[in-house]
Amino acid sequence: MTSPVWHPYAHLKTQSPAPKVVGGTGPRFTLESGESLLDATCSWWCMIHGYAHPRLVAAIREQAGELCHVMLGGLTHEPADRLARELVRITPAGLNHVFYSDSGSVGMEVAMKMAVQYHQLCGRPGKHRLLSLMKAYHGDTAGCMAVCDPEEGMHSLFAGYLPRHHFAPAPTAPFDAGPEAVRADLDALRAVLEAHHHEIAALLMEPLLQAAGGLNMTSPHYLRGARELCDEFDVLLVFDEVATGFGRTGKLFAADHADVTPDIMVLSKGLTGGYLGHAATLATDRVHEAFVGDSPHHAFMHGPTFMGNPLACRVALESLAVFEEEDYLGRIAGLNRVLRDELLEDATLAAHPAVEDVRVLGATAVIETRDDAELAGVGHWAREQGVWLRPIGRWLYTMPAYITDEADMRRITDVMKGWFR
């Protein structure tokens, strides 16, 4: 019998039946067929501890016996309070206020509404549009679709439905570029701000790593320059760290590479180790204080039903504890060494006629091909090799779980390179 499940991003006429997952341990999941697949994507970049981590599973079970859920409207509970304090402690200095939601996309919707309302409360109602970058991806909800790349993104069918915002060119200088090399990118950003700052509430960006838009990797100097430009033009800076947060770029947060504090930061995916859906939108005192007042308009009118869910908060706390106690940043550095050795240093791979570029940042690596046709069938082929790979267009990438050991990491890179032999 055909499953009634409607799968995401699937062409319904040509899709094959989805293999059924029945369990998982460590960096692998097991199919109903008995196959064990090494997950090179850690389930869309969130299962940073792998599957069935005993401490995370125990935390959920313990919390379930105490309190599974309660509304956060007019109430609070210890896991929500503790997690908020922990997030304030570990994020860049100044992000002192935490608003919960239930997914990265909704967390970004919160950030966008927060930025627009901030300017309204400060007497600048004309600043009601947003500035994003080309190659950006911020989620699939309506507000987020409007700030994704309007030309190469996946939401072009909805162009007539979505509000119109502003876009700056995607930065081109690579991660290791110096200040002078990013000047042209910042000049392009400045040009948009000079022309439209009177109506721009916030600049939104995925810092250092534009993930679903092609795994574009950019310089920390671009983040510093963007911070200075936002201050100059009275525009809030919003970092979408849904994909980059919790170690993916090699530091706990991408912002840490540049020693920059955004006005608003959005976290999800690795926040709970991938075990439950949850998100947090953090704001500085400057933003938060604008909402303190006597008018009904000072209230922030947003309240996802499952915001601050006790189960999600509890497992997030355990995830953060494991991350720190087991030196995950050290593990990520080890994964980075393998990725650089196996992919960046492979001259044969770089010279392959189908390969446009090879990039590595933290626990992320991508082989960019010249055409997405070059990757047709790679997922099925990799499955036959015991590895789960799911390319994005013409980008074959890996974002493994941080508990992946060196042998398994080399297995993933061998399969990635093997496709081009």
Side-chain angles (χ1 to χ4, degrees), residues 94-95 97 108-139 141-151 153 155 158-171 182-207 210 218 221-240 255 258 260-266 281-293 295-302:
L95 291 166
H97 307 275
M108 280 301 297
E109 297 275 357
V110 168
M112 291 185 281
K113 287 177 62 175
M114 196 178 282
V116 170
Q117 188 171 347
Y118 163 82
H119 285 288
Q120 290 180 336
L121 295 172
C122 291
R124 297 183 288 271
K127 294 174 81 71
H128 64 286
R129 298 199 185 279
L130 302 164
L131 173 59
S132 186
L133 301 177
M134 302 299 286
K135 297 188 179 180
Y137 173 83
H138 295 291
T141 51
C144 290
M145 288 195 296
V147 292
C148 293
D149 188 318
E151 296 179 2
H155 304 308
F158 301 95
Y161 160 71
L162 300 172
R164 298 181 68 84
H165 295 293
H166 298 287
F167 290 86
V182 304
R183 182 52 51 196
D185 291 329
L186 290 172
D187 286 346
L189 179 59
R190 171 181 284 278
V192 179
L193 286 167
E194 285 180 340
H196 303 288
H197 67 90
H198 61 283
E199 64 174 2
I200 293 175
L203 166 62
L204 319 176
M205 68 167 67
E206 303 155 274
Q210 292 181 292
T218 61
H221 292 289
Y222 185 82
L223 305 188
R224 297 189 187 107
R227 174 71 276 178
E228 292 172 1
L229 287 170
C230 286
D231 290 341
E232 178 181 345
F233 289 102
D234 198 12
V235 167
L236 296 182
L237 179 60
V238 177
F239 279 178
D240 176 352
V260 163
T261 298
D263 299 290
I264 301 172
M265 176 186 280
V266 182
T281 301
L282 286 83
T284 60
D285 291 344
R286 169 193 176 191
V287 173
H288 183 265
E289 287 170 6
F291 289 80
V292 179
S295 166
H297 297 298
H298 281 84
F300 185 55
M301 302 304 290
H302 201 96

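Count residues from 1 along the sequence.
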Taking the side chain as C-beta and beyond, is there a heavy-atom pair between Met205 and Leu223 under 4.5 Å? yes
Could you measure the distance from the CD1 atom of Ile264 to the CG atom of Asp240? Nearest 0.5 Å is fine. 12.0 Å
Polar side-chain atom of Gln120 near backbone of His128 as donor-acceptor pair, under 3.5 Å: no
Indicate yes or no: at least one non-hydrogen side-chain atom of His138 is less than 4.5 angstrom from one of Glu206. yes
Is it the case that more than 12 heavy atoms not belonging to Lys127 sit under 6.0 Å from its NZ atom? yes
Got a second to check how far Met114's CE is from Phe300's CZ, nearest 0.5 Å? 4.5 Å
Thr218 side chain near Asp185 side chain, heavy-atom distance below 4.5 Å: no
Counting only N and O atoms by type, is there a donor-acceptor contact under 3.5 Å from the side chain of His119 to the main-chain atoms of Ala201? yes
Which value, rounded to the nearest 0.5 Å, describes the distance between His298 atom NE2 and Leu121 atom CG? 5.0 Å
Could you list the donor-acceptor pairs under 3.5 angstrom formed by side chains in residues 160-170, with sequence neighbours left out?
from   : atom 1 : to     : atom 2 : distance (Å)
His165 : ND1    : Leu130 : N      : 3.1
His166 : NE2    : Glu199 : OE2    : 2.5

Any side-chain heavy-atom pair from Pro171 and Leu133 closer than 4.5 angstrom? yes
Can you name the ring pair (Phe, Tyr, Trp, His ring centres under 6.0 Å) partners of His97, sequence neighbours left out? His288
Which heavy-atom pair separates Phe291 from Tyr118 by the least distance, and what is that distance? CZ-N, 4.0 Å
For a 4.5 angstrom cut-off between non-hydrogen side-chain atoms, does Val238 reach Leu203? no
d(Cys148 SG, Met134 CE) to nearest 0.5 Å is 11.5 Å
With a 4.5 Å limit on heavy-atom distance, are the side chains of Leu131 and His196 in contact? no
State whether the number of non-hydrogen atoms from other residues, nucleotides or ligands found under 6.0 Å of His198 atom NE2 is greater than 12. yes
Solution key, residues 225-235 side-chain donor-acceptor pairs under 3.5 Å, sequence neighbours excluded:
from   : atom 1 : to     : atom 2 : distance (Å)
Arg227 : NE     : Asp231 : OD1    : 3.4
Arg227 : NH1    : Thr261 : O      : 2.9
Arg227 : NH1    : Asp263 : OD2    : 3.3
Arg227 : NH2    : Asp231 : OD1    : 2.8
Arg227 : NH2    : Asp263 : OD2    : 2.9
Glu232 : OE1    : Arg190 : NH2    : 2.8
Glu232 : OE2    : Arg190 : NH1    : 3.1
Asp234 : OD1    : Arg286 : NH2    : 3.2
Asp234 : OD2    : Arg124 : NE     : 3.3

Here the pair of heavy atoms bringing Gly143 nearest to Glu109 is N-OE2, 2.8 Å
Nearest heavy-atom pair of Pro262 and Thr284: which atoms, and what distance? O-CG2, 3.5 Å
As a quick check of understanding, evaluate side-chain contact (heavy atoms from CB on, under 4.5 Å) for Val116 and Met112, giving each step before the final call. CA-CA 6 Å; Val116 170; Met112 291 185 281; 5.8 Å; no
Using every non-hydrogen atom in the two residues, find where His155 and Gly139 come nearest and quote the distance to one decimal. NE2-O, 3.5 Å
Would the distance check show the side chain of Asp149 and the main-chain N or O of Lys135 forming a donor-acceptor pair, the cut-off being under 3.5 Å? yes
Looking at Val260, Leu186, Val182, which one forms a side chain to side chain contact (heavy atoms under 4.5 Å, CB included) with Arg224? Val260
